[in-house]
Amino acid sequence: MKLDLSSFLLGCGVGASSLLLGKHLRPLLLEVATLLFRVQERVMAETPMGHETLAGLLSEARARARVGSYRAPLPNRARNMPTRSSSST
């Protein structure tokens, strides 16, 4: 296996810069998340549909948005293609 020095140095630079940027971006991301939660609480307080109903709706939307709960669509079959359950005897 041959080690390419430029690729190695580029990888080290990306890793170090992401570490440094992460330390500086964390407070900004924390403020944005806090603002979004405040907006969500204000909207839930103002809506006539009720706190529990809206909370259930938001939790379902959050579950659908997560990557782990994503289900890929079923592949399309060609027309008149037999399936396993079809009995062609």
Side-chain angles (χ1 to χ4, degrees):
M1 176 185 229
K2 185 177 176 183
L3 178 66
D4 187 24
L5 183 62
S6 61
S7 295
F8 177 74
L9 292 176
L10 182 64
C12 289
V14 168
S17 64
S18 65
L19 182 66
L20 291 174
L21 282 176
K23 288 181 180 179
H24 294 293
L25 288 179
R26 187 178 189 280
L28 176 66
L29 292 174
L30 185 62
E31 287 296 322
V32 169
T34 304
L35 178 69
L36 290 175
F37 276 116
R38 285 181 185 160
V39 168
Q40 176 189 0
E41 288 295 322
R42 187 170 291 164
V43 167
M44 288 193 339
E46 299 283 330
T47 57
M49 68 187 326
H51 185 70
E52 291 83 17
T53 306
L54 189 59
L57 180 74
L58 291 174
S59 65
E60 184 178 346
R62 186 179 300 127
R64 284 186 182 186
R66 288 199 174 132
V67 176
S69 65
Y70 173 74
R71 285 193 256 167
L74 296 174
N76 293 331
R77 292 191 317 260
R79 297 189 126 220
N80 299 328
M81 183 177 179
T83 60
R84 289 187 196 184
S85 63
S86 65
S87 59
S88 56
T89 54

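Starting from 1, each residue takes its place in the sequence as its number.
- Once rounded to the nearest 0.5 Å, the distance linking CD of E41 with CG of L36 reads 12.0 Å.
- L25 CG to L30 CG: the interatomic distance, rounded to the nearest 0.5 Å, is 12.0 Å.
- The distance from the CD atom of Q40 to the CG atom of L35 is 12.0 Å, given to the nearest 0.5 Å.
- T34 contributes atom OG1, which lies 10.5 Å from atom CG of L29 (distance to the nearest 0.5 angstrom).
- Residues R42 and R38 are not in side-chain contact: their nearest non-hydrogen atoms beyond the backbone lie 4.5 Å or more apart.
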